Amino acid sequence: MVVETDFLVIGSGMAGLSCALKLARQGTVGVVTKKEKAESNTNYAQGGIAAVIDPADSFTKHVQDTLDAGDGLCHREAVELIVREGPGRVKELAEIGVDFTRKENGHLDLGREGGHHINRIVHVKDHTGRDVENALLEAVKNEPRITIYENHSAIDLITEHHLFTSLEATDQLHCWGAYVLDDQTARVKRFIARATILASGGCGQVYLHSTNPSIATGDGIAMAYRAGGRIANMEFMQFHPTSLYHSEANSFLISEAVRGFGGRLVTQDGQSFMEKYHPMASLAPRDIVARAIDTELKKSGAPCVFLDITHKNAEEIKNRFPHIYQNCLNYKIDITQEPIPVVPAAHYICGGVQTDLDAATSLSGLFACGEVTCTGVHGANRLASNSLLEAVVFGHLAAESAMRFVANQGRKSPAIPPWDDSGTFNSEEWVLLSHDRMEIKNIMWDYVGIVRSNLRLERALNRLRLIGQEVENFYRRTRVTTELIELRNLATVAMLIVRSALLRKESRGLHYTTDYPRRDDEHFQSDTVLEKQVI
Ligand code: FAD
Ligand code: SIN
């Protein structure tokens with residue numbers, strides 16, 4: 001089956017939906033999404049969106065906080081762009097119905113998070129992402145030119161590789177859409193478009209413990225890499241300092257906004273420790289706090305540290321953090337009465353598909369926005385709540401660029417061959433899939449975590465090579481399923497992270513290695529770029 005639209009958007013989180021809404025002004029838009037349409041990292045976002053709203057704040061201050069957190073690797077123009085565009089995009093979200101929390105005087109209630117020197121986080125209590133996602137989906141519902149395809153997993157981008165033409169005559173690869181698995185019918189469809197926008201989010205699931213939901217398997221990054229796209233800065237996986245330490249809680253996030261509200265990190269015996277590590281103490285940038293917790297845990301042998309907010313008024317806590325309060329209560333932890341046990345967990349990938357300031361990738365006809373990208377905004381460590389900001393700003397920019405591209409040069413697609421699954425069969429060896437998936441997650445957690453070393457990275461590389469080959473062989477002879485697509489992509493993304501980490505022989509931001517404990521601007525103040533030679 002073939003689905004043809006002017007624009008194909010892969011992913012229905014904040015980046016994909018905000019982009020789709022703008023694209024619909026110019027043409028038809030197909031949005032494919034792996035599970036139910038709201039299921040995304042966006043849907044779980046708690047803290048909010050960083051934006052310059054307070055008259056005491058300024059673009060310069062927000063830019064500076066972002067650059068400081070990024071530890072010398074942010075692209076200043078990209079940072080200035082998202083900061084400048086932020087307030088306008090937040091206003092648009094309010095216009096489509098996001099009911100941001102306000103103070104009694106009617107002004108937006110601005111929260112504080114790590115690395116910010118001023119309150120600038122626009123939020124809806126502690127469930128900002130859910131409200132933003134719902135508002136975007138409501139707006140999309142009213143847009144007849146947009147069709148959302150749920151339970152549709154993109155397998156691969158369609159490029160010249162899939163055409164029966166010689167690659168030698170090609171100087172730049174072009175993307176014509178994607179092969180997509182319809183989970184319900186188990187058929188692979190061709191989604192063909194004049195421009196494709198990758199908005200498939202991050203890859204937290206590559207680690208054993210992650211705040212990310214199960215969709216976050218790095219599909220877009222792996223697809224773009226296979227297609228010959230440029231991938232940058234994959235060594236910078238951000239570990240959020242405070243996920244709930246509880247065997248059944250699935251690394252439930254305890255928002256940094258809790259620390260912004262006055263919460264203090266303490267050890268098991270109640271000692272506050274962040275003062276030893278950074279002048280901003282519990283509100284230091286995330287890489288520093290996560291590493292400090294790691295150090296404290298290794299020193300004491302304790303399984304977790306604690307986040308204590310009990311000194312604040314109980315009613316105010318419940319009102320500001322209803323979602324966190326209720327969730328913790330479900331695990332029999334009353335956060336108004338007792339400190340919250342917390343540990344770091346994989347949270348956000350700062351690297352991804354490299355784009356320019358127009359959200360264009362290195363493949364013609366392919367644009368990208370949101371967590372799947374490396375736009376230059378985050379450098380070596382993302383500033384809190386700059387991710388939703390980047391997703392909405394680059395969602396807008398990707399739409400503008402894709403519309404311009406289609407108006408000026410969008411070529412009509414050549415004949416795209418149907419998906420070829422000849423020679424494949426339905427495997428009964430599904431246990432191999434789940435085993436390989438767990439093995440990748442364990443390797444990444446044990447050897448490619450907050451503190452790294454050459455020895456650990458080499459060990460990870462050797463094991464991942466083997467798993468990658470096994471998975472690829474299995475993929476070649478097996479009828480495709482979403483589980484298999486995800487496993488193949490997790491294996492690719494894990495390799496990209498390890499290879500990038502091995503290339504960076506210094507410590508900077510989120511990448512800390514005991515073999516090179518210092519930052520080395522002379523040799524490493526640049527992005528780590530990986531590109532598969534495909535032409
Ligand atoms: P996502 O929202 O993850 O959307 C990706 C979409 O792509 C999904 O619809 C998914 O199903 C789809 N998809 C993936 N693969 C495929 C495929 N192969 N085929 C089809 N569809 C596919 N950031 C902030 O700035 N502020 C916060 O307060 C904040 N809190 C967070 C809390 C949590 C618990 C988490 C996990 C993240 C948080 N973040 C926060 C980060 C932020 O939520 C994400 O970076 C951001 O939402 C990413 O948006 P996105 O649209 O790029 O990707
Ligand atoms: C949080 O609420 O702590 C998450 C914010 C973010 O990831 O930026």
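Owing to the predicted nature of the structure, the values given are computational and were not obtained by experimental measurement. Along the sequence shown, the residues carry numbers beginning at 1. Ligands are counted one by one from 1 in listed order, and the atoms in each one are counted from 1 as well.
Polar contact with ligand 1: absent for Gly16 (N/O pair, distance under 3.5 Å). Among the atoms of Asn386, none of the N or O lies under 3.5 angstrom from an N or O of ligand 2. Between Ser153 and ligand 1, no N or O atom pair is found at a separation short of 3.5 Å. Where the criterion is an N or O separation shorter than 3.5 Å, residue side chain and backbone included, Tyr44 fails it with respect to ligand 1. Between Asn212 and ligand 1, not a single N/O pair is under 3.5 Å apart. Considering both main-chain and side-chain atoms, Gly47 comes within under 3.5 Å of ligand 1 through a nitrogen or oxygen pair. On a distance-only criterion, Ala154 and ligand 1 share at least one N/O pair closer than 3.5 Å. An N or O contact shorter than 3.5 Å links Met14 to ligand 1 by distance. Not a single N or O atom of Leu253, backbone or side chain, sits closer than 3.5 Å to an N or O atom of ligand 2. For ligand 1, the polar-atom distance check finds an N/O of Asn41 within less than 3.5 Å of one of the ligand's N/O atoms. Note: an N/O pair closer than 3.5 Å links Ala15 and ligand 1 by distance alone. At least one N or O atom of Gln46 sits closer than 3.5 Å to an N or O atom of ligand 1. Inclusion of Gln46 in the set of residues having an N or O under 3.5 Å from an N or O of ligand 2 is not warranted.
Salt-bridge check for Arg488 with Glu472: passed, with a basic side-chain N closer than 4.0 Å to an acidic carboxylate O. One finds a salt bridge joining Lys34 and Glu486 here, because a Lys/Arg side-chain nitrogen approaches an Asp/Glu carboxylate oxygen to under 4.0 Å. Between Arg437 and Glu483 there is no salt bridge, since no side-chain N of the basic residue sits under 4.0 Å from a carboxylate O of the acidic one. Taking a cutoff of 4.0 Å between a charged side-chain nitrogen and a carboxylate oxygen, Glu133 and Arg130 do not qualify as a salt bridge. Ionic pairing of Arg120 and Asp65 is present here: one or more N-O contacts between side-chain nitrogen and carboxylate oxygen are shorter than 4.0 angstrom.
Residue Asp109 places its CG atom among more than 12 non-hydrogen atoms of other residues, nucleotides or ligands, all under 6.0 Å distant. At most 12 non-hydrogen atoms from other residues, nucleotides or ligands lie less than 6.0 angstrom from CZ of Arg187.
For Tyr245 and His209, the gap between ring centers reaches or exceeds 6.0 Å. Taking the six-membered ring for Trp and the full ring otherwise, the centers of Tyr207 and Phe239 sit less than 6.0 Å from each other.
Distances below 4.0 Å separate heavy atoms of Glu113 from the following atoms of ligand 2: 5 (C). Short contacts between ligand 1 and Val32, defined as distances under 4.0 Å to a heavy atom of the residue, involve ligand atoms 20 (C), 21 (N). Below 4.0 Å from some heavy atom of His240 lie the following atoms of ligand 2, by number and element: 1 (C), 3 (O), 4 (C). Of all atoms in ligand 1, listed by their number and element, those nearer than 4.0 Å to a heavy atom of Ile215 are 3 (O), 10 (C), 11 (O). Close approach of ligand 2 to Arg286 (heavy-atom distance below 4.0 Å) involves ligand atoms 3 (O), 4 (C), 5 (C), 6 (C), 7 (O), 8 (O). Remark: ligand 2 atoms within the under-4.0 Å shell around heavy atoms of Glu256 are 1 (C), 2 (O), 3 (O). Short contacts between ligand 2 and Ala384, defined as distances under 4.0 Å to a heavy atom of the residue, involve ligand atoms 8 (O).
In summary, the side chains of Thr211 and His347 do present a donor paired with an acceptor at a separation below 3.5 Å, with no hydrogens or angles considered.
Using cut-offs of 30° and 60° for the angle between ring planes, the His116 and His62 rings count as tilted.
Of the heavy atoms in His123, none comes closer than 4.0 Å to ligand 1. If you look at Leu253 next to ligand 1, the close heavy atoms, those under 4.0 Å, all belong to the side chain. Under 4.0 Å from ligand 1, heavy atoms of Glu371 appear from its side chain as well as its backbone. Contact annotation for Ala50 and ligand 1: no heavy atom of the residue comes within less than 4.0 Å of the ligand. For Asn386, every heavy-atom contact with ligand 1 shorter than 4.0 Å involves the backbone, none the side chain.
Phe191 pairs in a ring pair (Phe, Tyr, Trp, His ring centres under 6.0 Å) with only one of the listed residues (Trp419, Tyr149, Phe7), which is Tyr149.
Closest heavy-atom approach to atom 50 (P) of ligand 1 within the set Val180, Thr42, Val392: this belongs to Thr42. The closest non-hydrogen atom to atom 16 (C) of ligand 1, taken over Thr33, Asp219, Leu198, Ile148, comes from Asp219. Nearest to atom 31 (C) of ligand 1 by heavy-atom distance, out of Gly111, Ala45, Gly48, is Ala45. Of the listed residues (Glu486, Glu256, Glu113, His347), the one carrying the non-hydrogen atom nearest atom 38 (C) of ligand 1 is His347.
A heavy-atom distance below 4.5 Å is found between the side chains of Met403 and Leu23. Side-chain contact between Phe261 and Ile317 is present, with at least one heavy-atom pair separated by less than 4.5 Å.
The structure places CG of Asn327 at 10.0 Å from CD1 of Ile333, a figure rounded to the nearest 0.5 Å.
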